[in-house]
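We're numbering straight along the sequence, starting at 1. All values derive from a computational prediction rather than experimental measurement.
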Amino acid sequence: MMDCLYAKCTPCVTDCVLAELEKLGPKYRLALRIAKDPRFQRLTCTHRGTYADDCIVERVKQHKCYIVATCDRDLKRRIRKIPGVPIMFITRRKYTIERMPDAFGAPN
């Protein structure tokens, strides 16, 4: 991931994402183990009963300092509506960052 960004970054995971991965069961065991890595910063959530996607969208709306990494089509569609928030995803086994259009808050 840092090779893609050419900068130091701190991956963050919310409590909602971890809870959702735990609910999904053994199929997502590897993803859960990666998300619990101590190098990832854990962001606490103060709400109750919210889906991980809703939590991420609300957090990004409040603080536009995040790059959202996801392969979820619905989440990408929702994040694209928020100006100034880039999206990172994996295509053909490589990290890709979706370029922000100039009209949507991209720096000049």
Side-chain angles (χ1 to χ4, degrees):
M1 182 170 56
M2 289 190 201
D3 293 339
C4 179
L5 296 174
Y6 297 114
K8 183 180 181 335
C9 62
T10 305
C12 301
V13 180
T14 64
D15 291 338
C16 293
V17 171
L18 291 174
E20 193 168 297
L21 286 171
E22 287 172 356
K23 285 180 190 175
L24 290 172
K27 185 176 178 183
Y28 294 90
R29 183 177 57 233
L30 180 62
L32 180 61
R33 192 166 25 166
I34 291 169
K36 286 185 173 181
D37 188 304
R39 293 175 287 183
F40 282 41
Q41 180 181 351
R42 189 156 178 187
L43 302 174
T44 56
C45 300
T46 57
H47 54 78
R48 289 271 182 210
T50 303
Y51 290 109
D53 291 4
D54 296 338
C55 177
I56 291 168
V57 169
E58 288 304 313
R59 189 174 291 271
V60 168
K61 281 181 182 177
Q62 291 173 1
H63 310 285
K64 295 183 181 176
C65 62
Y66 297 108
I67 297 173
V68 178
T70 184
C71 289
D72 184 325
R73 287 183 183 169
D74 293 331
L75 181 57
K76 283 198 280 189
R77 181 181 43 79
R78 290 175 67 186
I79 296 293
R80 283 185 191 118
K81 294 177 183 177
I82 303 169
V85 180
I87 302 170
M88 177 186 279
F89 54 95
I90 299 172
T91 53
R92 298 185 199 128
R93 299 181 182 176
K94 293 183 181 179
Y95 287 107
T96 306
I97 294 189
E98 198 171 273
R99 186 180 171 278
M100 293 184 298
D102 294 332
F104 293 111
N108 294 330

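Residues F89 and T70 fail the side-chain proximity criterion, which asks for heavy atoms closer than 4.5 Å. Residues L43 and Y66 are in side-chain contact: their nearest non-hydrogen atoms beyond the backbone lie under 4.5 Å apart. Counting heavy atoms from C-beta on, the side chains of V13 and K36 never come closer than 4.5 Å.
A distance of 12.0 Å separates CZ in R39 from OG1 in T10, rounded to the nearest 0.5 Å. Residue R59 holds its CZ atom at 5.0 Å from SG of C45, rounded to the nearest 0.5 Å. Note that CD1 of I87 is 11.0 Å distant from SG of C71, once rounded to the nearest 0.5 Å. Within the model, atoms NE2 of H47 and CG of D15 stand 8.0 Å from one another, a figure rounded to the nearest 0.5 Å. K23 NZ to E20 CD: the interatomic distance, rounded to the nearest 0.5 Å, is 7.5 Å. Going from atom CZ of R77 over to atom CG of D72 covers 9.0 Å, rounded to the nearest 0.5 Å.
With hydrogens and angles disregarded, no donor-acceptor distance shorter than 3.5 Å links the side chain of D53 to the backbone of L75.
Of the charged side-chain nitrogens involved, none lies within less than 4.0 Å of a carboxylate oxygen, so that E98 and K76 do not count as a salt-bridged pair.
By the criterion of side-chain heavy atoms lying less than 4.5 angstrom apart, applied directly or through intervening Ile, Leu, Val, Met, Phe, Trp or Tyr residues, I67 is grouped together with I90 in one hydrophobic cluster. Linking ILVMFWY side-chain heavy atoms closer than 4.5 Å, directly or via other members, places V68 and F40 in a single hydrophobic cluster. Y51 and Y28 fall into different hydrophobic clusters, where Ile, Leu, Val, Met, Phe, Trp and Tyr residues are linked whenever their side-chain heavy atoms come under 4.5 Å apart, directly or through other members.
Of all heavy-atom pairs spanning L21 and A35, the tightest one is CD1-CB, 4.0 Å. Of all heavy-atom pairs between P11 and C9, the closest is CD-O, 3.7 Å.
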Dump the intermediate steps for side chain to side chain contact (heavy atoms under 4.5 Å, CB included) on K61 and V85, then the final yes or no.
CA-CA 9 Å; K61 281 181 182 177; V85 180; over 6 Å; no
